[in-house]
Visitor: 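Before I ask anything, let me first share the structure, which is written out below as structure tokens.
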There are 2 protein chains.
Amino acid sequence: MARVPMGEVQPSEPSPEASEIPGELAERIRRRGGRATIYDIAELAGVSPSTVSRALSKPGRISAKTEARIRDAASRLSFRINPMARALPTGRSQTLALLVADITNPVVFGIVRGAEHEAARAGYTLVVAESQESGETEAETTSRLMPSVDGIILASTRLSDDAIRLTAARTPVVLINRAVSEVDSVLPDVEKGVAELLNHLHALGHRSIVYLAGPQISWVSGRRWESLLDSSEALGMAIVEIGPTTPTIDGGRGALRRVLASKSTAAVAFNDLIAIGLMQAAARQGVEIPGELSVAGFDNVFGSELMCPSVTTVGSELEQAGRRAVRVLLARLGGDDVEDASELLDTELIVRESTGPPRDV
Amino acid sequence: MARVPMGEVQPSEPSPEASEIPGELAERIRRRGGRATIYDIAELAGVSPSTVSRALSKPGRISAKTEARIRDAASRLSFRINPMARALPTGRSQTLALLVADITNPVVFGIVRGAEHEAARAGYTLVVAESQESGETEAETTSRLMPSVDGIILASTRLSDDAIRLTAARTPVVLINRAVSEVDSVLPDVEKGVAELLNHLHALGHRSIVYLAGPQISWVSGRRWESLLDSSEALGMAIVEIGPTTPTIDGGRGALRRVLASKSTAAVAFNDLIAIGLMQAAARQGVEIPGELSVAGFDNVFGSELMCPSVTTVGSELEQAGRRAVRVLLARLGGDDVEDASELLDTELIVRESTGPPRDV
DNA sequence: TTGTAGGCGTTATCAA
DNA sequence: TTGATAACGCCTACAA
């Protein structure tokens, strides 16, 4: 805080004790837009640029005194390392990409938040991009992003297994909600939640179920169907799959007729959005829920609780999925062992108002 | 598609007609991880690297024939420019940052989507980060991101005017939902929507209103309050402001008691989330909505329509806000005139079920 | 522990 | 129109 009066010191002779920056240096930095480089620090601290580089990037491999002097100089110049300049020799941008099918789908909020926080915690930056449910857009976006990120997280990807393996061969990839051999993935324990759901429906008295599938290309939709099939067989319930459906509220709205046509007493939708749409259409047509039709969804999305009746759903740990995907990616990048990559994320049934006993039982 | 049989041509002599790559070159590229550089293209096309650079970055300033040859070579090597390498001399990363207070707040979905699409359309990458409603985190994130982006969009920022001006002085900044002199911003036409809302409430018979404010630091909350004040004065209605409240469902839940204590017949919440929380708390306490209390929110967030009763709200063009913020930023970067930056985004009242005539009128 | 020198892939300046 | 050549800011052998 003590300011040295101008002119009392020779500005040309930098004195490490004074909190003042030689005019010439200051001028040079100013002209450069205020951004100091390691050369400036080196000059101010009276060492070589490489020493500065070492001090800043791998602390400890340098004499404590020198390091302190360098840190001091760096902060006096409010130095911020230039990520691009660092990325050039290292090939590392400290950036991760997260690709989602639809940014406005509430399912991704949790994933994005978890991933962003975990990335920031590790000093990484997260780029979020949207494929709009299109494999083509996704492929394009992926290859556009690839050169500038160190790794990619594919959430609910619409790519083919081969396409995924191909990009995984060029850059580290972690999948969320999709399994492909040889590629890391973060998966929910679908079986558990589905079993809970079907037990619930069975206990209510339902014996026939219709599964309203998501997009044809959706791997999760397939998984959920398989699980439902297993569970319903075990319980001796009838089940049919109809679809595919766009995984949006609109998609759900358009599917009511086919659902009713199945004469099932309960409908399980691929996700909450579809379930909500289905319920809205039902309300409009005077179909009582859950009296005439029980409805359940997946994901425990924001809004499923607000809906009336509120939506019974199989929730999973979205935020956790995002966090773990980043951790797995960083572990790969660091050459570390990939943690519990194969461990499934917990999943659980959340019973709300959209499921109840079938009227005619 | 016609493949030249191996060995029929001298691999050392690249022939532009053949779709084949000299072994030595291919080998070098392979060793580098498959990523070709402009040097590789230069070699393959028989020109100098600088010519390649020109051909690829500013098409037209080169002979058509040479350019074609270069493009051909580039695609044969499936060349992708290295963004970091380009960023070094130009100082441009082709990346924009979008800072939001809370990623899981549905208000931001639209903004993020609009911004992401507009950015992608212009060949830019969008980085999304969250400040978690904290000015400190926001300042830190901003300065962390600053060196690696060409511009920053601050949506619902929690920074002080001075802090904003300071960062705007170092890097292009566009504000969404916040006005600060000398800084570009994208703003909604608050007055219009608020006037519509108060006219609606007045017509229903309400004469006393309570405004449940958002965070103290929220500029929008202040703007909304000012507007409400203006409109209610004009209509001769009583109005009081209470708060501040966390702009979440939980925040709204906790505010019911104070709202009821005001004895107003209608509550206007800072945003839909607060309105929803308020309504949930009311339902739990048996307070009938809209019979005993009318409730309205802002933003027309996903979920406000699902809630029951569904929420009357003042909606604004979120996606449009994101798009325009990016456009303004890019215009600044390009030195172009900033378009309709001062033009306000439309805002409109969406009447739903949470507002109705007060019971005792 | 520190400094020297060369390279990362691109753009930009200046000649040719 | 094209080609050398020198940045851009940092990292990293290698040498001292």
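Numbered from 1 within each chain, the chains take letters A, B, ... in sequence-line order.
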Visitor: With heavy atoms under 4.0 Å as the rule, sort B/Ile38 into base, sugar-phosphate or nothing.
Guide: base

Visitor: Anything under 4.0 Å to a heavy atom of chain A counts; send over the first and last such nucleotide of DNA chain C, read 5' to 3'.
Guide: C/dT1 to C/dG9

Visitor: In this structure, which one of A/Glu138, A/Glu136, A/Glu133 forms a salt bridge (Lys or Arg N to Asp or Glu O under 4.0 Å) with A/Arg158?
Guide: A/Glu133

Visitor: Considering only heavy atoms of chain B and a distance under 4.0 Å, specify the first and last nucleotide of DNA chain D in 5' to 3' order that meet this criterion.
Guide: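 Result: D/dT1 to D/dG9.
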
Visitor: Pick base, sugar-phosphate or nothing for A/Arg32, based on heavy-atom distances below 4.0 Å to the nucleic acid.
Guide: sugar-phosphate

Visitor: How close do A/Val127 and B/Leu126 get, counting heavy atoms only, and between which atoms?
Guide: CG1-O, 3.5 Å

Visitor: Quick one: do the A/Arg86 and A/Ser57 side chains pair a donor with an acceptor below 3.5 Å?
Guide: no

Visitor: On a heavy-atom basis, which atom in B/Arg178 and which in B/Ser185 lie closest, and how many Å separate them?
Guide: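 Looks like O-CB, 3.1 Å.
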
Visitor: Restricting to non-hydrogen atoms, name the atom on A/Ser93 and the atom on A/Ala87 that form the minimum distance, rounded to 0.1 Å.
Guide: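 So the minimum-distance heavy-atom pair works out to CA-CB, 4.1 Å.
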
Visitor: Near DNA chain C, which residues from residues 85-97 of chain B have a heavy atom under 4.0 Å away?
Guide: B/Ala85, B/Arg86, B/Leu88, B/Pro89, B/Thr90

Visitor: In terms of the nearest nucleotide of DNA chain C, which residue is placed more toward the 5' end: A/Thr66 or A/Tyr39?
Guide: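 So the residue in question is A/Thr66.
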
Visitor: With a 4.0 Å cut-off, would you call B/Arg71 and B/Glu67 a salt bridge?
Guide: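 Here B/Arg71 pairs with B/Glu67 in a salt bridge, since their nearest N and O are under 4.0 Å apart.
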
Visitor: State plainly whether the residues B/Arg31 and B/Glu27 are in salt-bridge range, i.e. N to O under 4.0 Å.
Guide: yes

Visitor: What heavy-atom pair brings B/Thr66 and B/Val47 nearest, and what distance separates the two atoms?
Guide: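 So the two residues come closest at CG2-CG1, 3.8 Å.
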
Visitor: Taking all atoms of both residues into account, what is the closest heavy-atom pair of B/Ala139 and B/Leu159, and its distance?
Guide: N-CD1, 4.0 Å

Visitor: Per the end-axis method with five pairs at each terminus, what is the bend angle of the helix from C/dT1-D/dA16 to C/dA16-D/dT1, to 10°?
Guide: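 Its terminal axes enclose an angle near 30°.
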
Visitor: For A/Arg32, I'd like to know if atom CZ has over 12 heavy atoms of other residues, nucleotides or ligands within 6.0 Å.
Guide: yes

Visitor: B/Ser134 side chain to B/Thr137 main-chain N or O, any donor-acceptor pair under 3.5 Å?
Guide: yes

Visitor: If you take all heavy atoms of A/Ala55 and A/Ile62, which pair is closest and at what distance?
Guide: N-CD1, 3.7 Å

Visitor: Let's go through A/Arg69 and A/Asp72 carefully: what are the C-alpha distance in whole Å and the side-chain angles of both, what is the deciding distance for salt bridge (Lys or Arg N to Asp or Glu O under 4.0 Å) to 0.1 Å, and is it a yes or a no?
Guide: CA-CA 5 Å; A/Arg69 216 165 64 237; A/Asp72 178 57; over 6 Å; no

Visitor: Check DNA chain D against residues 49-56 of chain B and give the residues with a non-hydrogen atom under 4.0 Å, in numerical order.
Guide: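 Of all residues in residues 49-56 of chain B, the ones placing a heavy atom under 4.0 Å from DNA chain D are B/Ser50, B/Thr51, B/Arg54.
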
Visitor: By the 4.0 Å heavy-atom rule, please label A/Lys58 as base, sugar-phosphate, or nothing.
Guide: sugar-phosphate

Visitor: Strictly below 4.0 Å, N to O, side chains only: are B/Glu43 and B/Arg28 in salt-bridge contact?
Guide: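 Looking at B/Arg28 together with B/Glu43, the answer is yes, because their closest N to O distance falls below 4.0 Å.
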
Visitor: Go through the structure and list residues passing side-chain contact (heavy atoms from CB on, under 4.5 Å) with A/Arg113, not counting sequence neighbours.
Guide: A/His117, A/Glu319, B/Asp102, B/Thr104, B/Glu130

